[in-house]
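Data first, discussion second: the structure below is written as structure tokens.
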Protein chains: 2
Amino acid sequence: MSRPRDAAATKAALLDAATKLFGERGFDRTTVRDIANLAGVNQALLFRYFGSKDALFATVLTTQSRELLEDSPAEHLLRNVLLRMLEEKPRREDHPLYAVLRSSHHDSAADLVRRQLGEEYARALASLTDADDAQLRADLVLAWIVGIGVLRTMFGKEPLAGADRAEVAALVTKAASVLLEHTEPG
Amino acid sequence: MSRPRDAAATKAALLDAATKLFGERGFDRTTVRDIANLAGVNQALLFRYFGSKDALFATVLTTQSRELLEDSPAEHLLRNVLLRMLEEKPRREDHPLYAVLRSSHHDSAADLVRRQLGEEYARALASLTDADDAQLRADLVLAWIVGIGVLRTMFGKEPLAGADRAEVAALVTKAASVLLEHTEPG
DNA sequence: CCCCCATGTAAGCAGTTGCTTACATCCGAC
DNA sequence: GTCGGATGTAAGCAACTGCTTACATGGGGG
């Protein structure tokens with residue numbers, strides 16, 4: 001009884017619950033029992049379908065960011081990521097960055113995934129400039145996005161936390177364009 | 001035998017070990033046994049002198065923040081803070097920032113860092129511009145500095161983590177000057 | 001119809017965690 | 001000296017963790 005026998009729905013429920021809890025509490029403070037309860041699923045199924053808590057975390061990160069990266073052409077990536085980060089009610093679970101920030105891992109598969117994500121964002125941003133140090137410039141822009149997320153959601157720093165999205169986005173894109181502009185011929 | 005009977009030294013050893021480990025691993029991934037071992041102290045003493053792991057964490061943060069004081073002339077503040085954030089090893093006073101970032105819950109800890117960030121840095125940075133939204137601009141610059149620290153020390157993101165300090169500082173100051181410049185009369 | 005396996009469940013295992021307890025031992029006050 | 005509290009030690013407890021196992025069950029293919 002109880003659950004409909006539907007593996008796909010069960011997996012999805014687990015992934016949703018994990019996404020929410022990892023984003024809100026971080027990896028360590030989220031237990032597999034919490035995830036299973038929120039999903040309304042027996043916790044043994046979590047291991048059947050995802051293998052381990054680490055693997056589930058990795059799956060959460062990759063699926064989340066794939067969507068964002070694929071939906072945004074490079075020239076709009078900065079703005080899109082920024083706006084997502086600046087949403088009125090910061091739905092923490094919405095952005096994998098929050099899960100990453102609240103879970104600092106120096107071992108395990110999750111660390112690898114985090115590295116890959118950073119590379120993907122940086123590569124996309126680096127394509128916006130033809131400067132010699134494009135990669136470094138991209139890292140700096142990425143750092144800015146991360147820092148804004150940290151101050152807003154983890155520290156609640158005012159006035160940034162309560163600032164108007166458009167205003168913030170305008171200031172950041174203006175300043176970041178100094179780093180990401182193409183050199184004009186002539 | 002073993003330890004000299006010196007409560008003050010024991011407390012100090014525990015506090016030092018806790019400071020180091022909380023900063024490196026965060027609250028959750030640091031165990032009281034780790035702290036006691038690093039301090040060379042029986043773990044029962046940790047509870048005798050600090051009450052609980054939570055209380056020890058709070059003590060670490062408050063103790064450190066009292067040490068955090070840096071006076072730089074406002075015009076050089078950005079550069080000084082930047083260079084400091086780009087140092088190879090984070091300073092002792094920088095640890096509360098990372099300790100909090102690596103520790104997912106602890107609201108009081110977040111309050112502490114927020115207050116420091118606001119009063120120490122943001123106010124000074126805000127004095128660098130006369131724009132209406134000086135505070136917001138200062139927060140954004142501060143967010144950048146924090147983000148750079150996160151990518152370097154927590155994520156080890158390359159090429160940023162291994163980049164030349166001066167080069168990074170040059171790029172950041174150039175882009176940040178867009179936000180912090182004074183409006184020219186006429 | 002029946003069999004079989006994908007799906008779901010209940011229970012528990014081994015390791016770790018924060019914290020406590022019961023007990024030695026030292027040292028200063030008297 | 002000796003008494004008592006401050007200091008240090010060893011052991012263990014109860015709860016929680018990720019994960020596994022042994023077992024029900026239902027539905028689709030033969």
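Numbers restart at 1 for each chain; the letters A, B, ... are given by sequence-line order, proteins then strands.
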*Hey, are the side chains of A:V41 and A:I35 touching, using non-hydrogen atoms and a 4.5 Å cut-off?*
no
*asked:* Applying a 4.0 Å non-hydrogen cut-off, can you work out what B:Y49 is touching in the nucleic acid: base, sugar-phosphate, or nothing?
replied: sugar-phosphate
*Between D:dG18 atom C1' and A:L56 atom CG, what is the distance in whole Å?*
12 Å
*Could you please name the option among C:dC19, C:dC27, D:dG18 that lies closest to any side-chain atom of B:S52?*
C:dC19
*asked:* Expressed as a whole number of angstroms, how long is the span from A:L14:CG to C:dG8:C1'?
replied: 12 Å
*To the nearest Å, give me how far apart CZ (B:F22) and C1' (C:dG18) are.*
12 Å
*Is it possible for you to check whether B:K11 lies under 6.0 Å from the centre of the six-membered ring of B:F50, through NZ or CZ, and within 45° of that ring's axis?*
no
*asked:* Please report the distance, rounded to the nearest Å, between CZ in A:R29 and P in D:dC16.
replied: 14 Å
_If you only use heavy atoms from C-beta on, which nucleotide in D:dT20, C:dT20, D:dG8 is closest to the side chain of B:F47?_
C:dT20
*How close or far is atom P of D:dA15 from atom CG of A:D34, stated in whole angstroms?*
18 Å
*asked:* Give me the atom names and distance for the closest heavy-atom approach of A:G156 to A:A161.
replied: C-CB, 3.8 Å
*To the nearest Å, give me how far apart CZ (B:R48) and C1' (C:dT21) are.*
11 Å
*asked:* Using the side-chain heavy atoms of A:R5, tell me which of these nucleotides is nearest: D:dT9, C:dG18, D:dG27.
replied: D:dG27
_Please list all pairs meeting ring-ring contact (aromatic ring centres under 6.0 Å, His included) that have one or both residues in residues 123-157 of chain A, counting only residues at least two apart or in different chains._
A:W144-B:W144
*For A:G51 and for B:A7, find the nucleotide of DNA chain D with the closest heavy atom, then tell me which residue's nucleotide is more 5'.*
B:A7
*Which one, C:dC19, C:dG8, D:dT20, comes nearest to the side chain of A:T10?*
C:dG8
*For the pair made of CZ in A:F50 and P in C:dT7, what is the distance, rounded to whole Å?*
13 Å
*What is the minimum heavy-atom distance between A:L136 and B:P159, and which atoms define it?*
N-CG, 3.8 Å
So which protein nitrogen or oxygen atoms get under 3.5 Å of nucleotides 10-13 of chain C's nitrogens or oxygens?
residue: C:dA10; atom: N7; partner: A:N42; partner atom: ND2; Å: 3.4

*Would you kindly give the CG-to-P distance between A:D54 and D:dC19, to the nearest whole Å?*
7 Å
